[in-house]
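Report on one structure; see the data block that follows.
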Amino acid sequence: MKNKLLKMVAVAMVACVGFSIASCGKKEKGLTINEGKLIMATNAAFAPYEYYDGDTIVGIDAEIAAEVASRLNLELEIQDVAFDSIIAGVQSGKYDIGCAGMTITDERLQSVNFTTPYATGIQSIIVKEGSEITDIDTLIDGDYIVGVQQGTTGDLYMSDDIGDDRIDRYNNGADAILALNNGNVDAVVIDNQPALALVEANEGLIILETPYTEEEYAMAVNKDNTELLNEINRVLAEMESDGTIDAIIEKYIPSEG
Ligand code: ARG
């Protein structure tokens, strides 16, 4: 009798331990995919937000994310992937965050959450000096071909305005610029800061403005991971008020005067 009871207690205890280990794995699932690490997906051909300095990815996003990671006691790991694969990768749990000068859009909000914005951008038109294209209307009204980076807001807006047939989609802005230089496209539509960097690096190109309004850049986070979203928002607010974000942006985009 005594023995039997003991046995039952033992069985119950084993079951309990087993159960708590199982629920442990589930419930105490860490803040990030790999404990201690913050895996960031970006597309590192988007200066000054993310680009290569030798083998290292640097830029505003890289530095802001590194600081966020450090304040959360996480080690940042940056993965350079195709821009239009970032949202899907965050959604499927491949990456903790997408941080790529990424504009908050209603469509993307269906798939991921966005942190509070930390920067802004505006779409620009790049053309060759002396081009007949002088503004968005001449661009839209002619039969011009426009180069964009696949899956970006420039791609979305231009597709809406001129239709698929007149859009050539490239893996990154630099490839679109190459096509512009080669005469394969007549204009490139891309965010203003990368546009400046591209025009600086390529002679004979100029920037026109578009009427598209200002966009807000934020980090994409998996919809199920509101804990990480909240933690990132908490440190972003800290970094906003202690001047860290301004300092990082100023380092890459020095304000004049
Ligand atoms: N802001 C634009 C968008 O969200 C372009 C971002 C491209 N970023 C990049 N790292 N290539 O669609």
Side-chain angles (χ1 to χ4, degrees), residues 39-53 56-66 68 76-91 94-126 146-161 164 167-180 187-199 201-202 207 209-221 248-249 252-253:
I39 303 176
M40 155 179 161
T42 196
N43 174 255
F46 201 67
Y49 294 95
E50 44 267 334
Y51 59 99
Y52 282 91
D53 180 8
T56 317
I57 296 172
V58 297
I60 294 169
D61 288 335
E63 286 205 24
I64 289 180
V68 165
L76 182 69
E77 178 186 312
I78 302 182
Q79 294 194 19
D80 184 15
V81 302
F83 181 76
D84 67 346
S85 73
I86 296 175
I87 296 278
V90 169
Q91 197 180 12
K94 213 166 154 188
Y95 318 119
D96 293 304
I97 59 168
C99 183
M102 190 174 278
T103 306
I104 303 173
T105 68
D106 287 343
E107 201 193 335
R108 290 172 184 164
L109 278 168
Q110 315 262 306
S111 318
V112 291
N113 281 333
F114 278 99
T115 63
T116 43
Y118 55 83
T120 56
I122 305 166
Q123 295 300 309
S124 298
I125 306 168
I126 305 176
V146 177
V148 294
Q149 180 178 17
Q150 165 113 7
T152 58
T153 43
D155 183 0
L156 297 175
Y157 300 156
M158 286 318 293
S159 302
D160 278 351
D161 280 351
D164 259 1
I167 306 271
D168 273 0
R169 299 187 171 88
Y170 296 90
N171 285 330
N172 55 57
D175 287 352
I177 291 296
L178 210 64
L180 177 63
V188 169
V189 172
I190 192 165
D191 304 47
N192 56 329
Q193 287 300 334
L196 277 174
L198 288 165
V199 164
N202 290 269
I207 297 177
E209 275 164 22
T210 68
Y212 303 133
T213 51
E214 197 168 87
E215 300 172 22
E216 295 191 306
Y217 296 165
M219 299 178 188
V221 181
I248 292 172
I249 293 177
Y252 288 93
I253 310 172

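Treat the numbers as computed from the prediction; the structure is a model and nothing was measured. In each ligand, atom 1 is the first atom listed, and ligand 1 is the first ligand listed.
Applying the side-chain contact (heavy atoms from CB on, under 4.5 Å) test to A197 and every residue at least two apart in sequence or in another chain returns A47.
Screening residues 99-113 for side-chain hydrogen bond (donor to acceptor under 3.5 Å, both in side chains), with sequence neighbours left out, gives T103-E215.
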Which atom pairs, one a donor and one an acceptor, fall under 3.5 Å between side chains of residues 171-180 and the rest of the protein, sequence neighbours left out?
| from | atom 1 | to | atom 2 | distance (Å) |
| --- | --- | --- | --- | --- |
| N172 | OD1 | A174 | N | 3.1 |
| N172 | OD1 | D175 | N | 2.8 |

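Near ligand 1, heavy-atom contacts under 4.0 Å come from N43, F46, E50, F83, A100, G101, M102, T103, R108, Q149, T152, T153, D191, E215, Y217.
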* For the pair E50 and T42, evaluate side-chain hydrogen bond (donor to acceptor under 3.5 Å, both in side chains) and give the outcome as yes or no after the intermediate values. => CA-CA 8 Å; E50 44 267 334; T42 196; 3.2 Å; yes
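Under the 30°/60° scheme for interplanar angles, the aromatic rings of Y217 and Y49 are found to stand perpendicular.
Within the 4.5 Å cutoff, the side chain of S159 has heavy atoms near those of the R169 side chain.
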